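Worksheet: one structure, shown below.
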There are 2 protein chains.
Amino acid sequence: MTKPLAPTRLRILDAALDLFGSRGFEGVSLDEIAVSVGVAKQTVLYWFASKDELLRSVVAHTSEELIAAVEAAARNSGEGFSGIEAVVKAVFRPAVRRPALLGLVRELNRLGPDISAVLTAQLGPLVDRAVAWMTNEMQAGRLRRGDPRLTLSLVYATVVGVATEPEALRMFGWEANATGLRRLRAELLAFLRAALAPAAD
Amino acid sequence: MTKPLAPTRLRILDAALDLFGSRGFEGVSLDEIAVSVGVAKQTVLYWFASKDELLRSVVAHTSEELIAAVEAAARNSGEGFSGIEAVVKAVFRPAVRRPALLGLVRELNRLGPDISAVLTAQLGPLVDRAVAWMTNEMQAGRLRRGDPRLTLSLVYATVVGVATEPEALRMFGWEANATGLRRLRAELLAFLRAALAPAAD
DNA sequence: GGTTGTCTCTACCAAATGGTAGACGACTGT
DNA sequence: ACAGTCGTCTACCATTTGGTAGAGACAACC
C-alpha cells in the first residue's frame, strides 16, 4: 500500500481502457495514451513491456472489476426476472457511462484468440453458472422457456448493444444526459422483463 | 465477358467492407486491402482518392444496399410484430453471415461526425418512418406500449448485438454453423416477439 | 499509325509508430 | 557520503503507413 490512489501504472490502465474501447487498439498510439496521462511515451513502455501487453493488462484488470460486480449482484439476486434485473442494473450504469468497458470486449474479437482467451477463461465459469441458473428458472416457470444459452446470449447482446452504441441510440433520437440515461434504463428493463416473462397460460 | 461481375472498384469495396468491419478502419492498411483483392496498393488509391474516401464509399455503398433491403421488407410488412419480423428477417441473414455489415456501423462512431453524417443522412428518414409506424402500432394496441424511439433502439441494439458479436455468442456456447444460425434466428424472433407483445389485459 | 483515355504498375517520400539505449534526478538503506 | 534502484525523461532507430509521380499496357476511336 505504498502508492495510495493513482500511481502512474493505474492511470495508464485507465486511459488505455478509454482509448482502446472508444477508438480501437490499432487506432490509438502509445504516444496518445502517454500524453493523455501526462507522461512520456517511454514511461508507458516502462510499465508495460509492449503495446500488446498493455492491452492484455487492461483486459485482465477491467474484466476483474466487471466480473466482481456481476458476481456480487448475482449473489444477492432473487428468483426469476429480478435475478437478471439485479445484474443488469449493476452493469448498466458503469457500462453506459463508459462505453469503453464493454467496447473492449468487442475489441478483443478482432485481436485473435490468444488475447480473447484471457477473458474467456475468466468468464467461462460465470457463464456456466448463469446458464444453469437460467435453465432452472425456466423449468420452474419463472422465465419464458427457450434455449437458455441463446436466451442469455440475447440478453447479453441487448445490454451490450445498448451500452456500446450511444451514437446509434442518438440516431434514434436518444439524448445522452442524466434523464435520458434513466429513461433508457427503465425502458431496457421493461423490454427485458417482457422478453423474459413466462408465457401466460 | 472479361470483367462482367466484379470490376476492380467493386472488388475493393467488397474487401474493404470485410476488413474494416472485422478489424477496424485503423487496423487495416491499404496494402492489405490491395493484396486481398489481388492488385497493387496504388490501384486502390487510383479508385479512391484516399483511405478516408474509401471508407466513405464503403459506407455509402453498403448502407444503400442494407437500406434498400429494409425498405423493401418494410413495404410488404404487416401490422404489429409481423412488421418487425419481416425487417429483422431481411437483415438477419446477411448481417450474421457477414458481421462486417453492421460492424461498420459501430466503426463509424469512432471516426468522428463528418463520416457518420453520411449514414445518418441516409438513415434519418427511415428512422422517422419507423418511429411513426411504431407509435401507431403501440396506440392501436398491437405492440407493447412504451417510448417508441427507445423501444426501437432496443430492437436495433439487440439485432446488432447479436449480429456483430459471434465471438461473444460462442462464449455462451453458440455454434456458428447452419443449424446454429437457424436456432439463433428463431430464438431472436421469439425473444423480440415476447419483448414487444402487448400486455395481456 | 497515331491519339486518347482507362487502368495498373514500380519507385519513391514524409510522417508516424512501436520499441531500444541510456542518462538524469529522487529516494532508499548503509 | 555512497551505492542502488525506481521512475521518468531525451534521443534515436527500423518499419510501416498513407500518399505522390510517373511510366507502361491496352483498348477504342480517328
Side-chain angles (χ1 to χ4, degrees), chain A residues 1-61 104 107-108 110-112 114-115 118, chain B residues 1-61 104 107-108 110-112 114-115 118:
Chain A
M1 240 180 118
T2 47
K3 313 276 167 67
L5 275 177
T8 307
R9 193 189 148 91
L10 274 186
R11 281 175 28 228
I12 293 173
L13 280 174
D14 211 49
L17 167 62
D18 275 335
L19 289 170
F20 286 158
S22 68
R23 309 224 318 273
F25 177 69
E26 327 252 9
V28 178
S29 72
L30 286 178
D31 199 57
E32 262 180 294
I33 297 172
V35 167
S36 101
V37 172
V39 299
K41 177 179 72 166
Q42 287 63 19
T43 301
V44 175
L45 283 170
Y46 169 78
W47 289 105
F48 305 91
S50 69
K51 200 185 176 189
D52 265 44
E53 204 225 289
L54 171 57
L55 176 63
R56 255 185 289 269
S57 300
V58 170
V59 171
H61 183 246
L104 198 62
E107 189 61 20
L108 294 181
R110 51 171 62 145
L111 293 176
D114 46 321
I115 291 195
V118 177
Chain B
M1 209 170 153
T2 46
K3 315 235 171 136
L5 277 177
T8 307
R9 193 189 147 92
L10 275 187
R11 285 181 17 235
I12 294 173
L13 279 175
D14 211 49
L17 167 61
D18 275 335
L19 289 170
F20 286 159
S22 68
R23 308 225 319 272
F25 178 69
E26 326 252 9
V28 178
S29 74
L30 287 179
D31 200 56
E32 262 180 294
I33 297 171
V35 167
S36 102
V37 173
V39 299
K41 177 178 73 168
Q42 288 64 20
T43 301
V44 175
L45 282 169
Y46 168 78
W47 288 105
F48 305 92
S50 69
K51 198 185 176 188
D52 266 44
E53 205 225 288
L54 171 57
L55 175 63
R56 255 185 288 269
S57 300
V58 170
V59 172
H61 183 246
L104 198 63
E107 189 60 22
L108 294 180
R110 50 172 61 147
L111 292 176
D114 47 321
I115 291 194
V118 177

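Labels below follow one simple rule: chain letters A, B, ... track the order of the sequence lines, proteins then strands, and each chain is numbered from 1. Owing to the predicted nature of the structure, the values given are computational and were not obtained by experimental measurement.
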What is the separation between atom CG on A/Leu54 and atom C1' on C/dG19, rounded to the nearest whole Å? 14 Å
Among the nucleotides C/dG19, D/dG19, D/dC9, whichever has the atom closest to the side chain of A/Thr43 is D/dC9
Just N and O in the side chain of A/Ser29: are any of them under 4.0 Å from OP1 or OP2 of C/dT17? yes
Ranking C/dC7, D/dC9, D/dT20 by distance to the side chain of B/Tyr46, first place goes to C/dC7
Under 4.0 Å between any heavy atoms, over every strand shown, what does B/Leu45 touch: base, sugar-phosphate, or nothing? Just pick one. base
Classify the side chain of A/Lys51 and the base of C/dG19 as holding, or not holding, a donor-acceptor pair under 3.5 Å. no
If I take atom OG from residue A/Ser29 and atom NZ from residue A/Lys41, how far apart are they, to the nearest 0.5 angstrom? 8.0 Å
Any donor-acceptor N/O pair, A/Lys51 side chain to A/Phe25 backbone, under 3.5 Å: yes
Between D/dT16 (C1') and B/Asp31 (CG): distance, integer Å: 10 Å
With rounding to the nearest 0.5 angstrom, report the CG to CD1 distance, A/Leu30 to A/Ile12. 9.5 Å
Going by side chain to side chain contact (heavy atoms under 4.5 Å, CB included), B/Phe48 matches just one of B/Leu54, B/Leu55, B/Val58. Which one? B/Leu54
d(CG, B/Leu30; P, D/dG18) in whole Å: 4 Å
note: A/Leu10, atom CG; D/dG7, atom C1'; distance rounded to Å ~ 15 Å
Tell me: CD of A/Glu53 to P of C/dG18, nearest whole Å? 15 Å
For the side chain of A/Glu32 and the backbone of A/Val28, is there at least one donor-acceptor N/O pair under 3.5 Å apart? no
Length of the line joining B/Phe48:CZ and C/dT8:P, which is rounded to integer Å: 11 Å
Nearest-Å distance for atom pair CD/P, residues B/Glu32 and D/dT16: 12 Å
Counting only side-chain heavy atoms from C-beta out, which of C/dC12, D/dC9, D/dT8 sits nearest to A/Trp47? D/dT8
Proximal nucleotide (of C/dC7, C/dG19, C/dT10) relative to the B/Thr8 side chain: C/dC7
For the pair made of CG in B/Leu55 and C1' in D/dG18, what is the distance, rounded to whole Å? 14 Å
Counting heavy atoms from C-beta on, name the nucleotide in C/dG18, C/dT6, C/dC9 closest to the side chain of B/Val39. C/dC9
Report the nucleotide, chosen from C/dG18, D/dG18, D/dT10, that has the shortest atom-to-atom distance to any side-chain atom of B/Lys41. D/dG18
For B/Val28, which contact category applies under a 4.0 Å heavy-atom criterion: base, sugar-phosphate, or nothing? sugar-phosphate
